[in-house]
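In what follows, a single structure is set out as structure tokens and then discussed.
Chain A is the first sequence line, chain B the second, and so forth, proteins listed ahead of strands; every chain is numbered from 1. Every heavy atom of this structure was used, including side-chain atoms; hydrogens, water molecules and symmetry mates were not. What you see is a predicted model; the values in this text were computed from it and never measured.
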Protein chains: 2
Amino acid sequence: MRYSQEHKLETRRRILYEASRRFRGQGSEGFSIADLMHDLKLTHGGFYRHFNSKEQLFAEALASAMQESHAKLTTGSDAKAPAAQLRVIIERYLSPRHWANPAEGCPLAALASEIPRQPRAVRAAFDQALKTYMDEIERLLPGKTRRERQRNFFVLFSGMAGTLSLARAVSEEQTRARLLHAAKEFYIQAFCQD
Amino acid sequence: MRYSQEHKLETRRRILYEASRRFRGQGSEGFSIADLMHDLKLTHGGFYRHFNSKEQLFAEALASAMQESHAKLTTGSDAKAPAAQLRVIIERYLSPRHWANPAEGCPLAALASEIPRQPRAVRAAFDQALKTYMDEIERLLPGKTRRERQRNFFVLFSGMAGTLSLARAVSEEQTRARLLHAAKEFYIQAFCQD
DNA sequence: GACATAAGATGATGTATATCATCCTATACA
DNA sequence: TGTATAGGATGATATACATCATCTTATGTC
């Protein structure tokens, strides 16, 4: 092997990282492979040494974005009680900061309505990533049985993703602020009480 | 004027109607003007007698889809009490039928994550349509002041849109059913009690 | 019934973009 | 130190698509 394995893996990682931000920021068709590679000081042709297609890239980027988002929401609050940890998650999710940075945020909010139209492979990757995500967060939610906590997970996360999406769709500053604030209060009230 | 006014308006209406379904079903870039016109037994060139650009078409189609969706959710339950009407809305919104037919359903669920990336004109049209939509439904929500009801409207509708989006993104049948069911129960419980 | 006019058709233009075949060259290894 | 090899570069191909200029033709008006 010429160029160390290391080097190739690093390049691959850089492509994936940049792609995962761009997909979230610009949608699944918002940029070209050439654009992406150019920003990494590489050329479009080299891309196919690392990925078979843009579709495969999307699938991997989506999964990686889910992981990244999960990490961002949970870091630093490990010590607290579940309800308090969940509160931190809700506050971070519905923060102005998250609102303003789709490219670094939750892919659910950034891409949810595009995913149903993606090819099977992408959706399978999404399913898998969502499951992992849920398994790691579910324990923080109220509910006696696992099933019950999962139900709450679904309601909370699909709800927050919808709220963030809508808040980004609305141009009016006031409406956006009101929307985020209302949802934050509501979800904390509903899920952080026990 | 050759061809009656009537005739031209009717053609325009047909284009808009078909477009509004296609945008919801296939996304803002999922079809071409030529495709669209072809299905209407027209040719691509004629399109520009009716709309200045695809962007303008999207803006109008979005607004029209919001109206249509509002009508579908509210028809036939006028006589009931507000809480009962709202319950019907929630049940319809989170039904398997709505899940299975994005093209005829709520544009929020079908397009939310694409709208933030649209040009100003589209977003302005969306803002306006959302406001109208809210003004017509807000009165069914619990809350003493208008402001309070609007807050509830935001939480409920952004939440339901997120739920439906996610349910469509998930491929697994069971998960989808569980998701829709959990959310339905939750929102009825939360908003249809008083 | 002739004709002016506008809805709609046709064809062209320019641009964007995924993907592939092939070339170049830095470097791991002997 | 030479050489084979694979990561990356270059250029080509094919396709898709929005938009526009121009042509056709059906029809309202006289």
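- Judged by a 6.0 Å distance limit and a 45° cone about the ring axis, A:Lys54 is not positioned over the six-membered ring of A:Phe23.
- For B:Tyr133 and B:Phe157, the gap between ring centers is short of 6.0 Å.
- Using a 4.0 Å cutoff on non-hydrogen atoms, the parts of residues 50-58 of chain B near DNA chain D are B:Ser53, B:Lys54, ordered by number.
- B:Asp127 pairs by the salt bridge (charged side-chain N to carboxylate O under 4.0 Å, His left out) definition with nothing, not counting sequence neighbours.
- Not one side-chain nitrogen or oxygen of A:Tyr48 sits closer than 4.0 Å to the OP1 or OP2 atom of C:dC20.
- For A:His44 against D:dG8, a side-chain-to-base donor-acceptor contact under 3.5 Å is absent.
- The nearest whole Å value for the distance from the CD atom in A:Glu10 to the P atom in D:dA6 is 21 Å.
- With sequence neighbours excluded, the residues satisfying side chain to side chain donor-acceptor pair (under 3.5 Å) with A:His70 are A:Glu136.
- Not a single salt bridge (charged side-chain N to carboxylate O under 4.0 Å, His left out) links A:Glu29 to another residue, sequence neighbours left out.
- By the side chain to side chain donor-acceptor pair (under 3.5 Å) test, B:Glu104 pairs with B:Arg21, sequence neighbours left out.
- DNA chain D lies under 4.0 Å from at least one heavy atom of each of the following residues of residues 26-37 of chain B: B:Phe31, B:Ser32, B:Ile33.
- In this structure, A:Leu42 places its CG atom 6 Å from P of D:dG8, rounding to the nearest Å.
- The distance from atom CZ of A:Arg12 to atom P of D:dG8 is 12 Å, rounded to the nearest whole Å.
- For A:Asp35, the salt bridge (charged side-chain N to carboxylate O under 4.0 Å, His left out) test picks out no residue, with sequence neighbours left out.
- Remark: B:Glu60 pairs with B:Arg12 by the salt bridge (charged side-chain N to carboxylate O under 4.0 Å, His left out) rule, at least two apart or across chains.
- The nearest whole Å value for the distance from the CD1 atom in A:Ile15 to the C1' atom in D:dG7 is 11 Å.
- To the nearest angstrom, P of D:dC20 lies 11 Å from CZ of B:Phe47.
- Atom NE2 in B:His38 sits roughly 17 Å away from atom P in C:dG8 (whole-Å rounding).
- Between the CZ atom of B:Arg49 and the P atom of D:dT24 there is a distance of 14 Å, rounded to whole Å.
- With sequence neighbours left out, B:Arg14 forms a side chain to side chain donor-acceptor pair (under 3.5 Å) with no residue at all.
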